[in-house]
Amino acid sequence: MVSITTVDEAVAAVVAGQPQFSGYRLVAPPGAASARPGSPLRPIGVPERSVLVEQVAAGFRLIFVTGSGDCPSGCTVHRYDVFVVHAGGTVEKACVLDRFPIGRGDPCEAA
């Protein structure tokens, strides 16, 4: 099994099994509290195809943000595909969301 120690390795592990996420732009460094954005609809200033990262006990939580609907104006619809990439290389799809709840923890906590 492969050991995952960096964000780039974690992103590559997800993309290897989910090639539709190839080319998404990393917008948060490891350890950032990006998994809990202030907006219920989308993290402010996040492009339409982005990866948010949070370091968790198991390894990394990656949130692939896909925007659609009038993206030149900021996208009106967002989909959040949440994965946990374990240090041992296992990739687990935690959930898919269409919004983040305000004032609650991550509903997809699998780490």
Side-chain angles (χ1 to χ4, degrees):
M1 190 151 284
V2 177
S3 178
I4 304 292
T5 59
T6 69
V7 172
D8 290 335
E9 291 170 345
V11 171
V14 172
V15 170
Q18 305 279 330
Q20 71 270 25
F21 296 118
S22 178
Y24 277 54
R25 192 176 110 210
L26 185 66
V27 294
S34 305
R36 302 169 209 267
S39 166
L41 300 177
R42 69 180 172 90
I44 295 170
V46 172
E48 65 185 87
R49 290 173 30 114
S50 308
V51 182
L52 305 175
V53 178
E54 181 181 32
Q55 200 157 16
V56 294
F60 295 98
R61 177 177 291 124
L62 303 176
I63 303 171
F64 289 81
V65 181
T66 306
S68 61
D70 195 21
C71 286
S73 295
C75 300
T76 57
V77 177
H78 290 84
R79 175 186 164 120
Y80 303 89
D81 290 89
V82 182
F83 295 87
V84 175
V85 180
H86 297 266
T90 304
V91 176
E92 175 185 352
K93 186 159 189 174
C95 67
V96 176
L97 300 170
D98 62 1
R99 57 181 252 160
F100 280 97
I102 295 176
R104 292 178 48 192
D106 186 343
C108 304
E109 273 191 71

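No hydrogens, no waters, no symmetry mates; every other heavy atom, side chains included, goes into these values.
Side-chain atoms of Val96 and Val82, non-hydrogen and from C-beta on, never get closer than 4.5 Å to each other. Residues Val53 and Leu26 are in side-chain contact: their nearest non-hydrogen atoms beyond the backbone lie under 4.5 Å apart.
Using cut-offs of 30° and 60° on the angle between ring planes, the pair Phe83 and Phe64 is perpendicular.
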Donor-acceptor pairs are to be reported for all side-chain atoms of residues 4-12 against protein atoms at under 3.5 Å, with residues two or more places apart or in another chain.
| from | atom 1 | to | atom 2 | distance (Å) |
| --- | --- | --- | --- | --- |
| Thr5 | OG1 | Glu9 | OE1 | 3.1 |
| Thr6 | OG1 | Glu9 | N | 3.1 |
| Glu9 | OE1 | Thr5 | N | 2.7 |
| Glu9 | OE1 | Thr6 | N | 3.2 |

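Pairs of residues two or more places apart, or lying in two chains, that qualify as salt bridge (charged side-chain N to carboxylate O under 4.0 Å, His left out) and include a residue from residues 78-87 are Arg79-Asp81, Asp81-Lys93.
Note that NE2 of His86 and CZ of Phe60 are 12.5 Å apart. Values are rounded to the nearest 0.5 Å.
Remark: Ser22 engages Val15 in a side-chain contact (heavy atoms from CB on, under 4.5 Å) (not counting sequence neighbours).
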_Let's go through Val85 and Thr90 carefully: what are the C-alpha distance in whole Å and the side-chain angles of both, what is the deciding distance for side-chain contact (heavy atoms from CB on, under 4.5 Å) to 0.1 Å, and is it a yes or a no?_
CA-CA 6 Å; Val85 180; Thr90 304; over 6 Å; no

_Residue pair Tyr80, Thr66: steps toward the side-chain hydrogen bond (donor to acceptor under 3.5 Å, both in side chains) verdict_ = CA-CA 7 Å; Tyr80 303 89; Thr66 306; over 6 Å; no

